[in-house]
Protein chains: 4
Amino acid sequence: MTTDPAPAAAQRRRRLSPEQRERQVLDAAVRVFSRSGFHDASMDDVAEQAGVSKPMVYTHGGGSKEELLRRCIRREADRLLVPVSQAAGSRTAASLPTGARTPAAPADTGPDAEHRLRHGLRAFFATLTSHRDGWSVLYRQARAGSIADEVHDARSRIVERVAGLLADELAVPAGADPVVIATPVAAALVGAAEGLADWSAAGGSDDPDVLAGLLMTLVWPGLDRLRG
Amino acid sequence: MTTDPAPAAAQRRRRLSPEQRERQVLDAAVRVFSRSGFHDASMDDVAEQAGVSKPMVYTHGGGSKEELLRRCIRREADRLLVPVSQAAGSRTAASLPTGARTPAAPADTGPDAEHRLRHGLRAFFATLTSHRDGWSVLYRQARAGSIADEVHDARSRIVERVAGLLADELAVPAGADPVVIATPVAAALVGAAEGLADWSAAGGSDDPDVLAGLLMTLVWPGLDRLRG
Amino acid sequence: MTTDPAPAAAQRRRRLSPEQRERQVLDAAVRVFSRSGFHDASMDDVAEQAGVSKPMVYTHGGGSKEELLRRCIRREADRLLVPVSQAAGSRTAASLPTGARTPAAPADTGPDAEHRLRHGLRAFFATLTSHRDGWSVLYRQARAGSIADEVHDARSRIVERVAGLLADELAVPAGADPVVIATPVAAALVGAAEGLADWSAAGGSDDPDVLAGLLMTLVWPGLDRLRG
Amino acid sequence: MTTDPAPAAAQRRRRLSPEQRERQVLDAAVRVFSRSGFHDASMDDVAEQAGVSKPMVYTHGGGSKEELLRRCIRREADRLLVPVSQAAGSRTAASLPTGARTPAAPADTGPDAEHRLRHGLRAFFATLTSHRDGWSVLYRQARAGSIADEVHDARSRIVERVAGLLADELAVPAGADPVVIATPVAAALVGAAEGLADWSAAGGSDDPDVLAGLLMTLVWPGLDRLRG
DNA sequence: AATGAATGAGTTTTCATTCAT
DNA sequence: GATGAATGAAAACTCATTCAT
């Protein structure tokens, strides 16, 4: 019966190459981890999602749950790095199509740099929105569940409050709800603050004046322009 | 013996008011959760950290581990909201000292708004850096452990890469390492992108063009000014 | 009442005599134990049912949960013994009131003995049905809950099967459902078998022939008469 | 070593079929439950008794302690039902050997019916005495422990008292202790009363007159015959 | 005498992980 | 190579019991 004469049936669980298996397992793991979070996800879940048995997950997933997550994180982080790197490489390539670049012009010609940044961000966001699961594994423990909701709500409250403050300042088209317009700006602002807090925790300055100054330098000109 | 002259010693196993106990338990929980993450932290750990027995943690912590975390999240989020709210209220109060404000002047006079934002951010960062544990519970599942490290590393790589790109553009004082200077800017930038991604996932637009456009509007003027 | 100057207020939680307290606690315990079973009932439940604090339950209930149950069992068993004892005493008392008993007459005069037994059984059942909680504590661990239900169902199946067999034999009034009539007889029969099994386990014979013979001797004449 | 010549030793941790495992687990559970009662028995106890690990008990025992007990109850109740059912089927089969049965004779011919009942009871008791554990799970929560003893004692007192009453009435061979002879009869009588009380609680009449009447109808003729 | 507060000890249940086939 | 079966270890949660007031 192992020598099943019916090939279709025999191939139902065909032997895959190690690379294919690993990809299969990692894909399943990213999915499961992003839905349930690392701890609430069980190796059984991963195995089922991958359509293989649990020992397979161990064989092709690094041998332990932690290592499996580690590999997921690495792979997804690399994925997010691609657009950034391309933006880097594009300095001469991708941005050139726009027009004839004079070699004489310095690398940081105004419009060129702006285009490059915009282009890079666009690619970054495109990757993000098309790989929500992977992003989730990197930036959130779980996207669902009562705890994830609670965290999300808490953060939302902060963003909303900031949006409320900004709304009073921004110039909005007549008829538009200023809060609605201010919300993404607030989300970006709060996110930037979190990013700086991470930097601070990782060894950067922890002087509130310095941190606030840095953030102001980055965003104030833009915000100022958004005001009437 | 009841009139013990050394109250501190006598009170080793003292009966506390429910409010005190709840604070004691929440403080311990925030600490433990921020170090080990929700799942790796055990109720025993929380009890030990609080210096009470496990049933106390259940009695004063909401009756379940999830509810305990929920209360931590709420309390810490409220703490972070304080500086933001004060920034709001300060429009007339805190910012007035700056000078004589003519009632005729609009509320969003340029320098005033800038000062207010800077002031709010400063307070926000001050709270953040002085309550790292609370911030951690809200924004990171764990600050330590091999997984937290892996996530941190993955993010760092992204920030570093972005910093590398920015470094080529920024004007830095002679002798300074441009990458070092660009790093916090990159951290803020990446954080802002994450914030927008959250907004996108929560119902905002998921068009990369829109997202990139929003972020550019916010940060490009500032970045442009940072360039020579 | 203990010379309290403010009787009404003081009596809200008045100090009861130890005997009253004990009765209060035992009453509550019997109730709680009969509803939830010994283990599923908590001392908190007993305290709440009794309207006192938990330490009171310990003070007046014997000092431990087991001892409390033991006291419940004893009290309720004594209660069930009363009708039996009265039946015994009634040989000369309750059944004789009619007239002077001649010493010559044997104690086991036919109709007299029958009346006495019927009288005793009636009193026994009267006590049983009016003290279901107490009976429950003695004969069932719990009267409710999914497990009690399961046990009850299992027993019912046996009784029903026996009733089915008996129904084929009994003579019933025209139009009556023989199974309905046979059911209480079956219940008594199965109960008698259980009683003998208990006796057997407690040291009586365990020869099935002997056990069956004993039961046949007791019930066959009656059953035979119930057949046409 | 895979070709171990001593299979018994080699199979110490053998893989069993699910059916075998389930039986193994249920057997152990019935045993443990019958000794310690449901609540005092721990899943560890069951696992140890079965010689397997606790997860096995969960895998093959229904997934929860309650479900495990439920399965025990069902299995043991089915076991007890077998002799009853056989008694039913034996109407023509098992009782035939006795003699030449004329088809013309009605199914409920006196001696035949009596033989059938006796036969059924004998089988019932045989099952009971050879499966004390199973019977215990069904009819007693625990067979040992201080509480089980207390309940047993309380019931015994009632049976003894009844036996004392009966002893005065029964005709016994010279030299025999009437109480000893009356005890199993009393046990059956009290058991029958309990059975009727169950029937009463399950929806039957709760009129003591009716209950006493039913029981008298069943047992009085037999008792009467036991008297001189 | 009476109680609210506190705890030690134990139990059910779940998984990551590994053999034997 | 692949799997079903099996387990060791841990963690949430409860409760009988006892102080300190």
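Numbered from 1 within each chain, the chains take letters A, B, ... in sequence-line order.
Between Asp45(B) atom CG and dA11(F) atom P the separation is 8 Å, expressed in whole Å. Nucleotide dA9(F) holds its C1' atom 15 Å from the CG atom of Asp40(B), rounded to whole Å. Rounded to whole Å, atom P of dG1(F) lies 15 Å from atom CD of Gln20(A). Atom CD in Glu22(B) sits roughly 19 Å away from atom P in dG4(E) (whole-Å rounding). Put simply, CE on Met56(A) is 5 Å from C1' on dA2(F), counting in whole angstrom units. The CG atom of Asp44(D) sits 12 Å away from the P atom of dG8(F) (whole-angstrom rounding). Rounded to a whole Å, the CG atom of Leu68(B) is 10 Å from the P atom of dC13(F). The CD atom of Glu48(D) sits 14 Å away from the P atom of dT12(E) (whole-angstrom rounding).
Contact of Lys54(B) with dT7(E) (side chain to base): no donor-acceptor pair of N or O atoms is detected under 3.5 Å. Side-chain N/O atoms of Lys65(A) and base N/O atoms of dT17(E) include no donor-acceptor pair closer than 3.5 Å.
When each of Ser53(B) and Ser42(A) is assigned the nucleotide of DNA chain E bearing its nearest heavy atom, the one mapping closer to the 5' terminus is Ser53(B). Taking the nucleotide of DNA chain F with the nearest heavy atom to each of Phe38(C) and His39(B), the more 5' of the two is matched to His39(B).
Within 4.0 Å of His60(D), counting heavy atoms only, lie sugar-phosphate atoms of the nucleic acid but no base atom. Among the atoms of the strands shown, only primed sugar atoms or phosphate atoms (P, OP1, OP2) are found under 4.0 Å from some heavy atom of Ala41(B). Nucleic acid contact for Thr59(D): none, since no nucleic acid atom lies under 4.0 Å from a heavy atom of the residue.
Between the side chain of Lys65(D) and the main chain of Tyr58(D), no donor-acceptor pair closer than 3.5 Å is present. Side-chain atoms of Gln20(B) come within 3.5 Å of backbone atoms of Ser17(B) as a donor-acceptor pair (strictly under, hydrogens ignored). For the pair Ser36(D) (side chain) and Phe33(D) (backbone), a donor-acceptor distance under 3.5 Å is absent. Using modelled atom types, no side-chain atom of Lys54(B) and backbone atom of Glu48(B) make a donor-acceptor pair closer than 3.5 Å.
Using a cutoff of 4.0 Å between basic side-chain nitrogens and carboxylate oxygens, Arg75(A) and Asp27(A) are scored as salt-bridged. Taking 4.0 Å as the cut-off between side-chain N and carboxylate O, Asp133(B) and Arg35(B) count as a salt-bridged pair. Taking a cutoff of 4.0 Å between a charged side-chain nitrogen and a carboxylate oxygen, Asp153(C) and Arg74(D) do not qualify as a salt bridge.
Listed by first residue number, the stems of DNA chain E with at least three Watson-Crick or G-U pairs below 3.5 Å are E:2-21 with F:2-21.
Counting only heavy atoms from C-beta on, Met43(A) has its side chain closest to dT17(E) among dA11(F), dT13(E), dT17(E). Comparing dT17(F), dA16(E), dT13(E) by their closest approach to the side chain of Tyr58(A) singles out dA16(E). Side-chain proximity of Pro55(C) to dT13(E), dA16(E), dC19(F): nearest is dC19(F). Closest to the Val52(B) side chain, of the nucleotides dT7(E), dT3(E), dA2(F), is dT7(E).
For Arg21(C) and dA1(E), the shortest distance from a side-chain N or O to OP1 or OP2 is not below 4.0 Å.
Across Val137(B) and Val30(B), no two heavy atoms sit closer than the pair CG2-O, 3.6 Å.
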